[in-house]
Number of protein chains: 2
Amino acid sequence: MLQLTKRTEYGLIALVHLVDRRDEFVSAREIGDAYHVPRRLLAEVLKELCRADLLLSQRGANGGYSLAREPENLTLAEAVQILEATPSAKDGSTCETSAWSSCDLISTCPIKTPIERLRAGIWGLLNQTTLRDLATPAPVNPLGELIESAQASSLSARLS
Amino acid sequence: MLQLTKRTEYGLIALVHLVDRRDEFVSAREIGDAYHVPRRLLAEVLKELCRADLLLSQRGANGGYSLAREPENLTLAEAVQILEATPSAKDGSTCETSAWSSCDLISTCPIKTPIERLRAGIWGLLNQTTLRDLATPAPVNPLGELIESAQASSLSARLS
DNA sequence: CCAAGTAGCACTATTTTGGTGCTATTTGAG
DNA sequence: CTCAAATAGCACCAAAATAGTGCTACTTGG
Ligand code: SF4
Ligand code: SF4
């Protein structure tokens, strides 16, 4: 329903936390405590990110996790794709390959195409945001109107 | 999780179906049959749209539903806002007023601002798409790349 | 009057999400 | 060598959201 799950948000928070701690392994405990996130759950999420090679892990005492890549070239899209929907791998999710294992309305659905374009639009947003962007506080402007106008002029006008 | 619910999709499909049938009342039965959507459920959704004044209803034999407004000035945003999340009215949903009745991480959450901007972006997409856009098949171009480039240049570059 | 509709609301079933338990393995430090 | 602190892996439970149904009342054209 158009929202990120807690798992995903926890994961993103962790990623952001790790941005300032390159060349160092940070434990799930530390991150969990820092943001009042259930440790165990966070741990599961981190393991997932690790399996997806977004993070490196070091076991044993003094162990923990560390970014496997520069924050500049880790897009929100990648992270969300991994974190959202634990079970079935979810790609750029069209109507066919989405979470609903292939919606059974496809044959007759009159809004299939527009919906897919909408999804592409969202996907675009995620793709253009890097972990670095997420991590840096807030660069400029009020922005709300900027978004609207930018879209009015170029993007959504053709979203049909 | 970044998807529209069935309810919402059913509602949108119905709205689209009604576009070509102005000045006429179409029954829930007809729409449901047309797209193989569970009648009863669709009926509930239609009633909701009706209560929100997006549709007009006519009871009794030959009754049904009809658009209460021109398709040109009914935005996807409005419809989604009504259909998504049956329980709590959901506005432009910031972290405070979202479905999670006020996330308890707000105080410490490092990604609050970026996430809100992302949501604003999505909201923008929805606002710029009218029911007319949804209903008209597919006007032009491949578009995928268009979206990306448009966003790269204007929108998401500042999404941080 | 009656069949075909909507109105309203409560209720059940299914799926998804959030969160926990437990056991094994790794590893730095005393 | 031993122990404490970590991750790895996986199954499992609990709560919430979604999908869908039942039933009753009211409306209206034929
Ligand atoms: S858009 Fe139509 S087809 Fe694609 S998922 Fe939603 S309902 Fe199924
Ligand atoms: S962004 Fe941070 S604050 Fe806003 S909802 Fe997600 S977690 Fe809670």
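Hydrogens, waters and symmetry mates are skipped; everything else that's a heavy atom, side chains included, is used. Computed from a predicted model, the values in this text were never measured in an experiment. In what follows, every chain begins at residue 1, and chains take the letters A, B, ... in the order their sequences are listed.
- Counting to the nearest Å, the C1' atom of D:dA17 and the CD atom of B:Gln3 are 13 Å from each other.
- When rounded to the nearest whole Å, the span between CD of B:Glu48 and C1' of C:dT6 equals 15 Å.
- Counting heavy atoms from C-beta outward, B:Lys47 and B:Ser57 have side chains that stay 4.5 Å or more apart.
- Rounded to a whole Å, the CG atom of A:Leu49 is 13 Å from the P atom of D:dT7.
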Using a cut-off of under 3.5 Å, enumerate the N/O to N/O pairs linking the protein to nucleotides 14-16 of chain D.
none

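- Less than 4.0 Å separates DNA chain C from no heavy atom of any residue of residues 23-37 of chain A.
- No salt bridge links A:Glu84 with A:Arg7; every basic N to acidic carboxylate O contact stays at or beyond 4.0 Å.
- Contacts between residues 51-71 of chain B and DNA chain D, defined by a heavy-atom separation below 4.0 Å, involve B:Gln58, B:Arg59, B:Gly60, B:Ala61, listed by number.
- Atom CG of residue A:Leu118 and atom OG1 of residue A:Thr113 lie 12.5 Å apart, to the nearest 0.5 angstrom.
- Classification of B:Arg69 and B:Asp53 as a salt-bridged pair fails, no side-chain N sitting under 4.0 Å from a carboxylate O.
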TODO: Report the C-alpha separation of B:Leu76 and B:Asn127 in whole Å, then their side-chain angles, then the decisive distance to 0.1 Å, and conclude whether the side chain to side chain contact (heavy atoms under 4.5 Å, CB included) test is met.
DONE: CA-CA 6 Å; B:Leu76 232 192; B:Asn127 261 312; over 6 Å; no

Open item on the list: Determine whether B:Glu30 and B:Arg39 satisfy the following criterion, salt bridge (Lys or Arg N to Asp or Glu O under 4.0 Å), listing intermediate values before the conclusion.
Closed with: CA-CA 9 Å; B:Glu30 175 187 319; B:Arg39 274 178 220 174; over 6 Å; no

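- No donor-acceptor pair under 3.5 Å is formed between the side chain of A:Ser66 and the backbone N or O of A:Phe25.
- Distance CG (A:Leu4) to C1' (C:dT17): 13 Å, rounded to an integer number of Å.
- Remark on DNA chain C: of its neighbouring residues B:Cys50 and A:Lys47, the 5'-side contact belongs to B:Cys50, judged by nearest-heavy-atom nucleotide.
- A:Leu126 has its side chain within reach of B:Leu2: a pair of non-hydrogen atoms, C-beta onward, lies under 4.5 Å apart.
- Atom C1' of nucleotide C:dG19 and atom CG of B:Asp104 are separated by 14 Å, given to the nearest angstrom.
- Applying side chain to side chain contact (heavy atoms under 4.5 Å, CB included) to A:Val26 and the options A:Leu55, A:Ile31, A:Asp20 leaves one that passes, A:Ile31.
- Side chain A:Lys6 to base C:dG19: no donor-acceptor pair is found below 3.5 Å.
- For the pair A:Leu41 CG and D:dC13 P, the computed distance is 18 Å after rounding to whole Å.
- Atoms CG (B:Leu2) and C1' (C:dT16) sit 15 Å apart, rounded to a whole Å.
- Put simply, the side chain of A:Thr8 never gets that close to the backbone of A:Leu4: no donor and acceptor are under 3.5 Å apart.
- In this structure, CD of B:Glu84 is placed 13 Å from P of D:dA17, rounded to the nearest angstrom.
- Checking the phosphate oxygens (OP1, OP2) of D:dA19, no side-chain nitrogen or oxygen of B:Tyr10 falls inside 4.0 Å.
- A salt bridge is absent between B:Arg119 and B:Glu116; no separation between the charged side-chain nitrogens and carboxylate oxygens falls under 4.0 Å.
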